[in-house]
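Each remark here refers to the structure printed beneath this line.
Throughout, a chain's letter reflects where its sequence line sits, starting with A, and its residues are numbered from 1. Since the structure is predicted, the reported quantities are computational estimates derived from the model, not experimental observations.
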Amino acid sequence: MIATDLLGIEDLERSDIEQILEAAAHMQEIGDRPVKKVPTLRGRTIVNLFFEPSTRTRTSFEIAGKRLSADVVNFSTSSSSLSKAESILDTARTLDAMQPDAVVVRHRVAGVPKRIADVLDAPVINAGDGAHEHPTQALLDLLTVWQEKGRIDGLTVTIIGDIVHSRVARSNIYGFLKMGAEVRVAGPPTMLPVGVQALGVKAFTSMREALDGADVVMALRIQLERLSGSLFPSIREYAETFGISRRTLRYAKDDAIVMHPGPVNRGVELSHDLADHRPSVILDQVRNGVALRMAVLYLLAGRERVAGRTE
Amino acid sequence: MPNRTQPPSATARSAPAPAEHPTGEAAPEAPDSSTVLDDLGIRRALMRIAHELVERNDDLSRLYLVAVPNGGVPLARQLAANLREVADAEVTVGILDTTLYRDDLLARGARPRLRRTEMPSVVDERVVVLVDDVANTGRTIRAAMDALMDFGRPRGVQVVALVDRGHRELPIKIDYVGKNIPTQAGDRVELLGDAGDLEGPLRVVLRPEGEGER
Amino acid sequence: MSRLLIRGGRVLDPASDRDAAGDVLIEDGVIVAVDADIDTRGAEVLDAEGVWIAPGFVDLHTHLREPGQEYKEDIASGGRAAVAGGFTSVACMANTQPVNDDPSVTDFILDRARTDSPARVHPVAAATKGLAGEVMTEMVALVEAGAVAFSDDGKTIMDSGVMRRVLQYSRLVERPVITHAEDRTLVGDGVMNEGPVSTRLGLPGNPAVAETVHVARDIMLAEITGAHLHVAHVSTAGAVELVRAARERGVHVTAEVTPHHLVLTDEATSGYDTNTKMAPPLRSADDVRACRQGVADGTLDAIATDHAPHALHEKEVEFTEAPPGVIGFETALAVVLDLVREGELAPLELIRRLTTDPARILSLTAGTLSVGAPADVVVVDPERRWTYDPSKGYSKSRNSPWNGQELVGRVVASVVGGRMVYHVDRGVLVQ
Ligand SMILES: [Zn+2]
């Protein structure tokens, strides 16, 4: 099983992913109960350490922790060490002294959860680091596809958008490949990273080719501020060329599903009529996020007790 | 780290007690394990228990058989069939996993595998009959009752165990027992099917302490 | 009269192409004899049996941080670390606070070095005022004060017109202009080499072309001005090739490479250790191979440490926020001996890249064991195994990618002006 931390899908074995998905599938039922809470993590403390604001992910972890009866503490802090006297590692050491049973870390810079995990006793769960990984997002996407399609092996998954800057893309590439799917990425050449093929994917700039025969079409959120970085000339041209609509979906399989990590820029990544209902499964993704994060917390949260104080 | 569902004498041993196998998977059967209840015995016991359920419950429409997986599931199904046969009653069968209610989650390390929960009806005002395979310390039944309360407010709760092996650690009473089997604290008692799963003919085996573990 | 005899070693003197067993005799700070079996009477003897005797190393690219950032390093601590690594002469870059763009700062550095540093210190002055890349500095006055070269190192002169005039004007003093060649607009927010590893790690990439575009520009400007261009810390195969081609057609261009760019690739950043963040960044295996070839064939004249101390708290931050650079004095020799062990470079050639070549670039009377030369000498044990612990080193900073690693090859002793200033068993031997 995943040893101590969940820093990225790259580190996981297929059997680890299967174990998490299976546990998550069981966790889903708890959300349908009159009392949506189990006592499993009673007396344990989970810290949400968010250096970058993200209400959606933080709330999802918070609900997940609370459904397992953990005490969830939100610790939001400014984005950069430069604006404070304290380095990120100092923050981590301070936190560790409070003996949390799990620390959920989000940071705009790749590698920060790893550095924090290096100094922390508690398990660290990466809730998104820069353009590196967002493992729980990919796991909930895998859960959604698995339940939607009954399998992942042999599917064709096309990820469209700013692959360069997307942690969701990287985690999903690793995840779907490990689970036996074929993964394609597509976008304007300025948004396809150097050496992306080394990750095991095929890269496309033609939507027709990228979507041909796809079972899963995953659009990434376009950061509109990237316009100033000259990655693309205009929102209109992006939407026209790489936006998903019923017209472009004709290239994919008839029963293809549409996914998006949210929040959707309507009319940009997805046409208006696609965002809310089938073949879009975006709301299932959100719902599955809580169960998936419950599974991860169930499997990971806990710290070694000091010797002599063990039961 | 000691598994607290085990009696103290077992704490020095590495293998956990059978009903609380950490992965939830059936342990491979040792060649020298002895069957203490065979398929015929199990079917007889379940028929007797069905009669007892009819005797002790005036309103069978209130009954709700809730199986504790994995062993309780085929037993509850058989009990429902028996009730149909002896009293022409249609009794709901549910499955309630107790894993997330256990009191022995390790601080860190491998977590027990979760099992299915399926509660097709509300439990309010129902007489819930928890069905387990082996009654031992009582901790599983305690966990099942806690879980049950999160689904509503039953009118009453009764407990069926195919085998009672003793060594209770909590004040839990088993209302219907298939067979009492005296055991040593370290013995392993488990319900097995033919192929390691719980389909087809069943039997209960007892493995004395220390056997089949090297 | 003081006499020091370094006895019984393998004498490696690139200036005379000597690679033979022998002794070195020093009297009153000057080398008086290099020969087999010199008479030892009356001399203090330093035994070099089985190890190398070479000219003291010359490091033409270091950051000593004084004035202004003495919490990272100062001339005293930097000078000690230098001699502990065998560097008896070091050139220090101008990005101090205040910037060394004025003779008063050059004077200050030289004054401080005379009293504090066991190594000889040669200031590199800024090429433009405040390193702003706009107005050139008073090169004549700076050279008179003791500056040996001009560089905006740490920054890059992006304005091609300014760079052209800096190179033109440098003809007046015949001193090299050292370029830190990174096109800022191509670097963007890049913090590591752009490639498969940066893609995997999700860190912004700094492409190789950011270096090659700039080296190509500067070579063209050196060609039309006839000035001496020195390319600092070459890191890419493309830049090695550009320098090689320019040299062949007679452009006055020299180049250096750091120890880390000769052995580490961008894979070293996989754990997000900020001690693997440099400018220019660690590159691909192909680039490392090309740099090693460049050192072997002499395209890259000098090995320079780019010793760049930063305090622990400055490096314990996000990878993107951490200042680039690593310390290098005390590990340099062990690291570059890898080229000798791999059979890519003869010992004499390695010593040449550490001594004669950098001394020639800066017009220093150093890096030679010629009779009559100042007695700057190192004794090196190329086989000695040791574990590097930067907290036990002489630099004030610890930002090294070799922290805690076992290294092979160590400086046994350093002699500056005939005086032993460092011995591995006794440490630095000045106040
Ligand atoms: Zn530089």
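Heavy-atom neighbours of C:Met158 CE from other residues, nucleotides or ligands within 6.0 Å: above the threshold of 12. Few gaps surround CD on C:Gln405; more than 12 heavy atoms of other groups in view lie less than 6.0 Å from it.
Both the backbone and the side chain of A:Leu89 have a heavy atom closer than 4.5 Å to some heavy atom of chain C.
Note that CG of A:Asp129 and OH of C:Tyr272 are 5.5 Å apart. Values are rounded to the nearest 0.5 Å. Put simply, OG1 on A:Thr91 and CD on C:Glu316 are 10.5 Å apart, with the number rounded to the nearest 0.5 Å. Rounded to the nearest 0.5 Å, atoms CD (C:Glu318) and CD1 (A:Ile88) are 4.5 Å apart.
Contact count versus chain C (heavy atoms, under 4.5 Å) is highest, among A:Arg167, A:Glu133, A:Arg93, for A:Arg93. Between chain C and the options A:His132, A:Gln197, A:Glu10, A:Lys114, heavy-atom pairs under 4.5 Å are most frequent for A:His132. Between chain C and the residues A:Ser166, A:Ala110, A:Gly195, the most heavy-atom pairs under 4.5 angstrom are made by A:Ala110.
The contact list for residues 203-210 of chain C toward chain A, using heavy atoms and a distance under 4.5 Å, reads C:Leu203 by residue number. Among the residues in residues 391-404 of chain C, none has a non-hydrogen atom closer than 4.5 angstrom to a non-hydrogen atom of chain A.
C:Thr274 is listed as a side-chain neighbour of A:Arg115, based on a closest heavy-atom distance under 4.5 Å.
Among all heavy-atom pairs drawn from A:Val196 and C:Thr199, the shortest one is CA-CG2, 4.4 Å.
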